[in-house]
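I have placed the structure first, in the form of structure tokens, so that the comments after it can refer back to it.
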Amino acid sequence: MWLYLVALVGLWKLLRLFRERKMVSHLQDKYVFITGCDSGFGNLLARQLDRRGMRVLAACLTEEGAEQLRSKTSDRLETVILDVTKTESIVAATQWVQERVGSRGLWGLVNNAGIAVPSGPNEWMNKQDFASVLDVNLLGMIDVTLNMLPLVRKARGRVVNVSSVMGRLSFFGGGYCISKYGVEAFSDSLRRELSYFGVKVAIIEPGGFKTCVTSSDRLSSNTKMTWDKASSEVKNIYGEKFLSSYLTRLNMLDHTCSSDLSVVTDCMEHALTSCHPRTRYSAGWDAKFFYLPMSYLPTFLVDALVYWTAPKPEKAL
């Protein structure tokens, strides 16, 4: 019985490997629009696809980021300034893309732009703290997608949305995990709707990687600011010891996060160039062997693990 099961799983793995190795042809004629190219995954992916000869349209938040990217790429790559929280900026970028792709349409849309702060215990924050993250990571992504969809549909292309392992497990408060759960839900509904038009939608779920999002300095600074503006009641309940332990955990990210961003961008590239891309890509060993299996555990076990390992408020029961 077990031998047959192992053989069946092995056969399925070989079949999937064979299917996924088949690549799309004429990549040099295909346009890909990527958001959040100032740094991190977006910046590396833009350079990676440019080296493969694809027509990269890179959206950056700042002109400085755009100039630095152009200095490291070929003349094929073009940049545009985009703020995903502003619809007028998205509309202008969409028109800019339309002028370049013409009747060919847009082969790939990569929604990569994202932020992680403010984050921390929910009770330390207010509504605007949540909204500022959701505006970028979720609502901005949706706005970009809805504007670009006619161009992607024309090319029967791909939409690649960057989620996170925190879109499966919510380990901390604030808007980040909420936004990534939203990315998962939006991507699932979008994938089913667009399948009628030959458009494929893939979700990238990175584990821990060293980017601006996981910068311990930025996260620690934000946590201190959030703590400073919390109410006196909240500070009394949690206590300075909790804050110190929380900051210590954030500083550990520098040692636990991987610096090899190509693990993630290779998944993005495969989603754009394979004839049979995956629905979801778990990028990183921690994503594959810790967060993904953990997301299937009973809730009470996950809660117990978080309870045992997380810092405790001073006035906890």
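- Taking the ring centroids of Y246 and W227, they lie at or beyond the 6.0 Å cut-off.
- The closest side-chain donor-acceptor pair between N137 and S179 falls under 3.5 angstrom.
- Linking Ile, Leu, Val, Met, Phe, Trp and Tyr whenever their side-chain heavy atoms come within less than 4.5 Å puts F290 and L169 in one cluster.
- Atom CZ of R100 has more than 12 neighbouring heavy atoms from other residues, nucleotides or ligands inside a 6.0 Å radius.
- Side-chain heavy atoms closer than 4.5 Å link hydrophobic residues (I, L, V, M, F, W, Y) into clusters, and following such links, possibly through other members, connects F197 to M148.
- A salt bridge is defined here as a Lys NZ or Arg NE, NH1 or NH2 lying under 4.0 Å from an Asp or Glu carboxylate O, and R191 with D188 meets this definition.
- For the residue pair D217 and S215, no side-chain donor N or O sits within less than 3.5 Å of a side-chain acceptor on the partner.
- R70 and T79 form a side-chain donor-acceptor contact under 3.5 Å, judged by distance and modelled atom types alone.
- One hydrophobic cluster, built from ILVMFWY side chains closer than 4.5 Å, holds both M141 and V84.
- Contact of the L305 side chain with the M294 side chain is registered, since non-hydrogen atoms from C-beta on lie closer than 4.5 Å.
- The closest side-chain heavy-atom distance from V24 to S274 is not below 4.5 Å.
- Using a cutoff of 4.0 Å between basic side-chain nitrogens and carboxylate oxygens, E314 and K241 are not scored as salt-bridged.
- With 3.5 Å as the limit, one finds a donor-acceptor pair spanning the side chains of D83 and T85.
- For the residue pair N112/T35, the side-chain donor-acceptor check at 3.5 Å is not satisfied.
- Contact annotation: the side chain of S163 never approaches that of S187 to less than 4.5 Å [non-hydrogen atoms, C-beta and beyond].
- Using a 4.5 Å heavy-atom cutoff, the side chains of W107 and V152 are not in contact.
- Here the closest non-hydrogen pair linking G284 and F209 is CA-CZ, 3.9 Å.
- Taking a cutoff of 4.0 Å between a charged side-chain nitrogen and a carboxylate oxygen, R76 and D50 qualify as a salt bridge.
- No side-chain heavy atom of V213 sits less than 4.5 Å from a side-chain heavy atom of I115.
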side-chain contact (heavy atoms from CB on, under 4.5 Å), that's the test. Do L57 and W96 meet it? Break it down for me. CA-CA 10 Å; L57 305 174; W96 179 84; 3.7 Å; yes

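- Atom CG of D75 is surrounded by 12 or fewer heavy atoms from other residues, nucleotides or ligands within 6.0 Å.
- Between Q48 and D266, the side chains place a donor N or O and an acceptor N or O closer than 3.5 Å (distance only, hydrogens not considered).
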Assess the residue pair L69 and L77 against the criterion (side-chain contact (heavy atoms from CB on, under 4.5 Å)); give the C-alpha distance rounded to whole Å, side-chain angles, the decisive distance to 0.1 Å, and a yes or no. CA-CA 9 Å; L69 178 59; L77 182 142; 4.1 Å; yes

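- In the displayed structure, E64 atom CD is contacted under 6.0 Å by at most 12 heavy atoms of other residues, nucleotides or ligands.
- Within 6.0 Å of atom CD in E99, more than 12 heavy atoms from other residues, nucleotides or ligands are found, so the atom counts as buried in its surroundings.
- In the hydrophobic clustering of ILVMFWY residues, with side-chain heavy atoms under 4.5 Å counting as a link, V165 and V302 come out together.
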Applying salt bridge (Lys or Arg N to Asp or Glu O under 4.0 Å), run through E184 and R280 and close with a yes or a no. CA-CA 10 Å; E184 299 274 343; R280 280 176 168 82; 2.9 Å; yes

What verdict does the side-chain contact (heavy atoms from CB on, under 4.5 Å) test give for L109 and V144, after you've listed the backbone C-alpha separation in whole Å, the side-chain angles of each residue and the deciding distance to 0.1 Å? CA-CA 9 Å; L109 167 61; V144 170; 4.0 Å; yes

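- Nearest approach of G42 to C37, heavy atoms of both residues: O-SG, 3.7 Å.
- N222 and R218 share no donor-acceptor pair across their side chains, judged by distance under 3.5 Å alone.
- In this structure, F172 and Y176 have parallel ring planes: the angle between them is below the 30° cut-off, well short of the 60° mark.
- Nearest heavy atoms, Y181 versus S170: OH-N, 3.6 Å.
- Atom CE of M23 sits in a crowded spot, with more than 12 heavy atoms from other residues, nucleotides or ligands closer than 6.0 Å.
- Using a 4.5 Å heavy-atom cutoff, the side chains of N126 and K229 are in contact.
- Counting heavy atoms from C-beta on, the side chains of C60 and L82 never come closer than 4.5 Å.
- No salt bridge links K86 with D135; every basic N to acidic carboxylate O contact stays at or beyond 4.0 Å.
- Between the side chains of N111 and T145, at least one donor-acceptor pair of N or O atoms lies under 3.5 Å.
- The cluster map of Ile, Leu, Val, Met, Phe, Trp and Tyr, joined by side-chain heavy atoms under 4.5 Å apart, puts M125 and L134 in the same cluster.
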What do the steps show when you test R52 against E269 for salt bridge (Lys or Arg N to Asp or Glu O under 4.0 Å), and what is the final call? CA-CA 10 Å; R52 288 206 63 174; E269 181 179 335; 2.5 Å; yes

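- Between S164 and E205, every side-chain heavy-atom pair lies at or beyond the 4.5 Å cut-off.
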